[in-house]
Amino acid sequence: MMKASEVRGLTAEELNAKLVDLKKDLFYLRMQHATNQLDNPMKIAEVKKNIAKIKTVIREKELGR
């Protein structure tokens with residue numbers, strides 16, 4: 001799980017790259033879950049929360065906060 005302070009320290013390019021990676025991870029986790037190959041289903045929730053944190057920080061930077 002990523003901390004908000006870690007996310008806020010990243011640049012806009014790093015945030016976008018991280019967001020793409022997490023979305024890719026979420027896709028593969030969902031595929032594993034659909035085929036009953038996923039060991040820990042809580043991993044999906046963790047990745048979704050990390051995506052939300054990154055999107056929040058991106059939006060904060062857009063607004064100049």
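Values below: every heavy atom of this structure, side chains too, minus hydrogens, waters and symmetry copies. Numbers here are sequence positions counted from 1.
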Shortest non-hydrogen separation from L38 to I44 and the atoms involved:
CD2-CD1, 3.7 Å

Tell me, yes or no, whether the heavy-atom count around K61 atom NZ, taken from other residues, nucleotides or ligands under 6.0 Å, exceeds 12.
yes

Rounded at 0.5 Å granularity, tell me how far CG in N16 sits from CD1 in I58.
4.5 Å

Can you tell me how far NZ of K43 sits from CG of D25, rounded to the nearest 0.5 angstrom?
8.0 Å

With sequence neighbours left out, what residues match S5 under side chain to side chain contact (heavy atoms under 4.5 Å, CB included)?
K3

CD on E14 to CG on D21, rounded to 0.5 Å
11.5 Å

Across all chains, not counting sequence neighbours, the side chain to side chain donor-acceptor pair (under 3.5 Å) partners of E60 are R8

Please step through side-chain contact (heavy atoms from CB on, under 4.5 Å) for the pair N50 and V7, ending with a clear verdict.
CA-CA 9 Å; N50 285 337; V7 177; over 6 Å; no

If you measure from NZ on K18 to CD on E6, what distance do you get to the nearest 0.5 Å?
9.0 Å

CG (L19) and CD1 (I54) are apart, to the nearest 0.5 Å, by 6.0 Å

Distance-only, no hydrogens or angles: does the K53 side chain make a donor-acceptor pair with backbone N or O of M2 under 3.5 Å?
yes

Kindly write out the residues that satisfy salt bridge (Lys or Arg N to Asp or Glu O under 4.0 Å) with R30, not counting sequence neighbours, or none if the list is empty.
none

Can you tell me how far apart CZ (F27) and CD (Q32) are? Round to the nearest 0.5 Å.
11.0 Å

